[in-house]
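Written below as structure tokens is the structure these notes are about.
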Amino acid sequence: CVLDLPEKLKSYLFNLPAWNYVRCARTQSLHGPSPVTTFGPKACMLKNPKAVMHIQDPASQRLTWNKPPKSVLIIKKIRDTSLLQPFKELCIFLTQQKNMIVYMERKVIEDPAIANESFVSIKKNICTFREDYDDISNCVDFIICLGGDGTLLYASSLFQESVPPVMAFHLGSLGFLTPFNFDTFQSQVTQVIEGNAAIILRSRLEVKVVKEYRENGSVEEMSLVTNGNKTMQYQVLNEVVVDRGPSSYLSNVDLFLDGHLITTVQGDGVIVSTPTGSTAYAVAAGATMIHPNVPAIMITPICPHSLSFRPIVVPAGVELKIMLSRDARNTAWVSLDGRKRQEIAYGDSITITTSCFPVPSICFRDPVNDWFESLAQCLHWNVRKKQDHLSSEEEEF
């Protein structure tokens, strides 16, 4: 207990940086780890003195800045000609009117679609980076996504710890996570720069894939080697999917919760998702939809060979572990937000917990209204023809 410590040590602990203290204080609490409230170099969440039990009302979560933002990362769909004009307008607005430093991935600026004279002046004011090579975690104050939901998922994958605030414009095929319309982008971006915006903290999953050492095997990912095993760590926004891959046999994997075997999944696979991911692959597999502010992890079987296997929701603080069963006929495959797909063999394991580093997504209105608006617009939730009211004559019968 902190109260039993000497005064000097207590003073030291309470003055540690928030992100450092949270990361060291990971426990088995059913409520999960407290998310960090600083995002990138300058952004943080405005504290609400009326918060009850340290749980802030989602509608009161607001963005604020410690210092005025000076840099922005633009995430754009590659080879999409429909985005050329919005992309150009946004770059000119940020560099010339707002005097911002603009970052983007090198393959975006090298896209043949923008290799023309009209983009020459823009390229001079843009800083580029390479995924998996350059670290921009301390360079970017906030992020703007142009495209569909995949652009926000990609932005999340670029930051393995604190994520800068993300503003996502709906310019793709699906806009569940992208609430902003580009028509009024100048006023909307200006409000964000001035710190006048609501945010929603989308929890992520911290995933560790441990592969047992094999003489003939190789792991291409960047990894840590412990006791001969290779451990790869990821931050996942939507879901972890474990499936049977190309095999014709049922998937057969054991699911552990805090070290206890709770069930064996026999079917096409299993989905472990965040509340944000509950409206993605999970809902297509029959799961319920969970608001992103709910601290939880959802477990959804994919075509289970059992009529009684239904999706379940577990507390955000638990630790899940997935391994091949001893009598499994084939290996399994795992993918993380639809990327980094890799084979899981005997002796390998996947450990999943709630991450301390959420994605602060900037809202169009507020977390509650935006979510229900997305349900209606993207999934047509509860859309039906309404019944006609009864006339006075019909009511008598």
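Without hydrogens or angle criteria, Arg329 side chain to Ser248 main chain gives no donor-acceptor distance under 3.5 Å. At distances below 3.5 Å, not a single donor-acceptor pair connects side-chain atoms of Gln266 with backbone N or O atoms of Asn252. When atom types are taken as modelled, the side chain of Thr231 and the backbone of Val210 share no donor-acceptor pair closer than 3.5 angstrom. Side-chain atoms of Lys321 do not come within 3.5 Å of backbone N or O of Leu261 as any donor-acceptor pair. No donor-acceptor pair closer than 3.5 Å links the side chain of Asp268 to the backbone N or O of Ile302. A donor-acceptor pair under 3.5 Å links the side-chain atoms of Asp370 to the main chain of Arg365, judged by distance alone. With hydrogens and angles ignored, the 3.5 Å screen pairs no side-chain donor or acceptor of Gln85 with any backbone N or O of Ser82. For the pair Tyr346 (side chain) and Ala328 (backbone), a donor-acceptor distance under 3.5 Å is present.
The stretch residues 73-114 participates, sequence neighbours left out, in these ring pair (Phe, Tyr, Trp, His ring centres under 6.0 Å) pairs: Phe93-Phe185. The stretch residues 277-290 participates, sequence neighbours left out, in no side chain to side chain donor-acceptor pair (under 3.5 Å) pair at all.
Partners of Lys107 according to the side chain to side chain donor-acceptor pair (under 3.5 Å) rule, which considers only residues two or more places apart in sequence or in another chain, do not exist here. Residues forming a ring-ring contact (aromatic ring centres under 6.0 Å, His included) with Phe169 (at least two apart in sequence, or on another chain): Phe180, Phe182. Every residue two or more places apart in sequence or in another chain was checked for a ring-ring contact (aromatic ring centres under 6.0 Å, His included) with Tyr154, and none qualifies. Residues satisfying the side chain to side chain donor-acceptor pair (under 3.5 Å) test with Asn196, not counting sequence neighbours, are Arg62. Applying the side chain to side chain contact (heavy atoms under 4.5 Å, CB included) test to Phe372 and every residue at least two apart in sequence or in another chain returns Val368, Leu375, Trp381. Residues satisfying the side chain to side chain contact (heavy atoms under 4.5 Å, CB included) criterion with Lys77, sequence neighbours excluded, are Asp80, Leu83, Thr151. Under the side chain to side chain contact (heavy atoms under 4.5 Å, CB included) criterion, Val294 pairs with Ile290, His291, Ala296, not counting sequence neighbours. Residues that satisfy the side chain to side chain contact (heavy atoms under 4.5 Å, CB included) test with Thr184, not counting sequence neighbours, are Ser187, Gln188.
With a 4.5 Å cut-off on side-chain heavy atoms, Phe142 and Ile193 count as touching. Side-chain contact between Ile344 and Val209 is present, with at least one heavy-atom pair separated by less than 4.5 Å. By the 4.5 Å heavy-atom criterion applied to side chains, Glu105 and Val108 are counted as neighbours. Residues Ser349 and Ile322 fail the side-chain proximity criterion, which asks for heavy atoms closer than 4.5 Å. At least one side-chain heavy atom of Val163 sits under 4.5 Å from a side-chain heavy atom of Arg204. Within the 4.5 Å cutoff, the side chain of Ile74 has heavy atoms near those of the Leu90 side chain. With contacts defined as side-chain heavy-atom distances shorter than 4.5 Å, the pair Asp366/Asn369 qualifies. Considering only heavy atoms from C-beta on, Met104 comes within 4.5 Å of Cys91 through its side chain.
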Would you tabulate the side-chain donor-acceptor contacts of residues 66-73 under 3.5 Å, counting partners in other chains and residues two or more places apart, or write 'none'?
{"residue": "Ser71", "atom": "OG", "partner": "Cys139", "partner atom": "O", "Å": "2.5"}
{"residue": "Ser71", "atom": "OG", "partner": "Asp141", "partner atom": "N", "Å": "3.1"}
{"residue": "Ser71", "atom": "OG", "partner": "Asp141", "partner atom": "OD2", "Å": "3.4"}

Considering only distance and modelled atom types, tabulate donor-acceptor pairs under 3.5 Å from the side chains of residues 269-276, sequence neighbours left out.
{"residue": "Thr274", "atom": "OG1", "partner": "Leu237", "partner atom": "O", "Å": "2.5"}
{"residue": "Thr274", "atom": "OG1", "partner": "Asn238", "partner atom": "O", "Å": "3.4"}
{"residue": "Thr274", "atom": "OG1", "partner": "Thr276", "partner atom": "N", "Å": "3.4"}
{"residue": "Thr274", "atom": "OG1", "partner": "Gly277", "partner atom": "N", "Å": "3.0"}
{"residue": "Thr276", "atom": "OG1", "partner": "Arg202", "partner atom": "NH1", "Å": "3.2"}

Practice item. Apply the test side-chain contact (heavy atoms from CB on, under 4.5 Å) to residues Met298 and Glu239: give CA-CA distance (whole Å), side-chain angles for both, the deciding distance (0.1 Å), then the verdict. Key: CA-CA 9 Å; Met298 175 170 283; Glu239 74 274 301; over 6 Å; no
Problem - Derivation and outcome, side chain to side chain donor-acceptor pair (under 3.5 Å), residues Thr353 and Glu319 - result: CA-CA 5 Å; Thr353 58; Glu319 179 182 271; 5.8 Å; no
- request: In sequence, state the C-alpha distance, the side-chain angles, and the governing distance for Ile200 and Asn293, and then conclude on side-chain contact (heavy atoms from CB on, under 4.5 Å).
  value: CA-CA 7 Å; Ile200 182 170; Asn293 274 112; 3.7 Å; yes
Assess whether side-chain contact (heavy atoms from CB on, under 4.5 Å) is satisfied between Val166 and Cys145, documenting all intermediate values. CA-CA 7 Å; Val166 183; Cys145 295; 3.8 Å; yes
| request: Report the C-alpha distance between Ile144 and Leu94 in whole Å, list the side-chain angles of each, state the deciding distance to 0.1 Å, and finish with yes or no for side-chain contact (heavy atoms from CB on, under 4.5 Å). | output: CA-CA 11 Å; Ile144 295 179; Leu94 290 171; 4.1 Å; yes
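Rounded to the nearest 0.5 Å, atoms OG (Ser374) and NE2 (His170) are 9.5 Å apart. Atom-to-atom distance recorded for Gln191:CD and Ile362:CD1 is 11.0 Å, nearest 0.5 angstrom. For the atom pair CD (Gln160) and CG (Asp135), the distance works out to 10.5 Å, reported to the nearest 0.5 Å. Put simply, SG on Cys44 and CG on Leu46 are 7.5 Å apart, with the number rounded to the nearest 0.5 Å. Atom NE2 of His389 sits about 13.5 Å away from atom NZ of Lys386, to the nearest 0.5 Å. Rounding to the nearest 0.5 Å places CG of Leu255 at 4.0 Å from CD1 of Ile262.
Shortest non-hydrogen contact noted between Trp65 and Pro165 is CH2-CG, 4.3 Å. Taking both residues in full, the closest heavy atoms of Gly40 and Ser162 are given as N-OG, 2.9 Å, listed atom of the first, atom of the second, then distance. Minimum interatomic distance between Asn138 and Pro41 (heavy atoms only, all atoms of both residues): O-CG, 3.6 Å. Nearest heavy atoms, Pro164 versus Pro360: O-CG, 3.8 Å. In terms of heavy atoms, Tyr234 sits closest to Gln342 at OH-NE2, 3.1 Å. Considering every non-hydrogen atom in both Val242 and Ala332, the closest pair reads CG1-CB, 4.0 Å.
Of the charged side-chain nitrogens involved, at least one lies within less than 4.0 Å of a carboxylate oxygen, so that Arg341 and Asp243 count as a salt-bridged pair.
Between the side chains of Gln235 and Ser355, a donor-acceptor pair is found at a separation under 3.5 Å.
Linking Ile, Leu, Val, Met, Phe, Trp and Tyr residues whenever their side-chain heavy atoms come within less than 4.5 Å places Val192 and Leu171 in a single cluster.
The neighbour count for Asp388 CG, taken as heavy atoms of other residues, nucleotides or ligands under 6.0 Å away, does not exceed 12. Other residues, nucleotides and ligands contribute more than 12 heavy atoms inside 6.0 Å of the CZ atom of Arg130.
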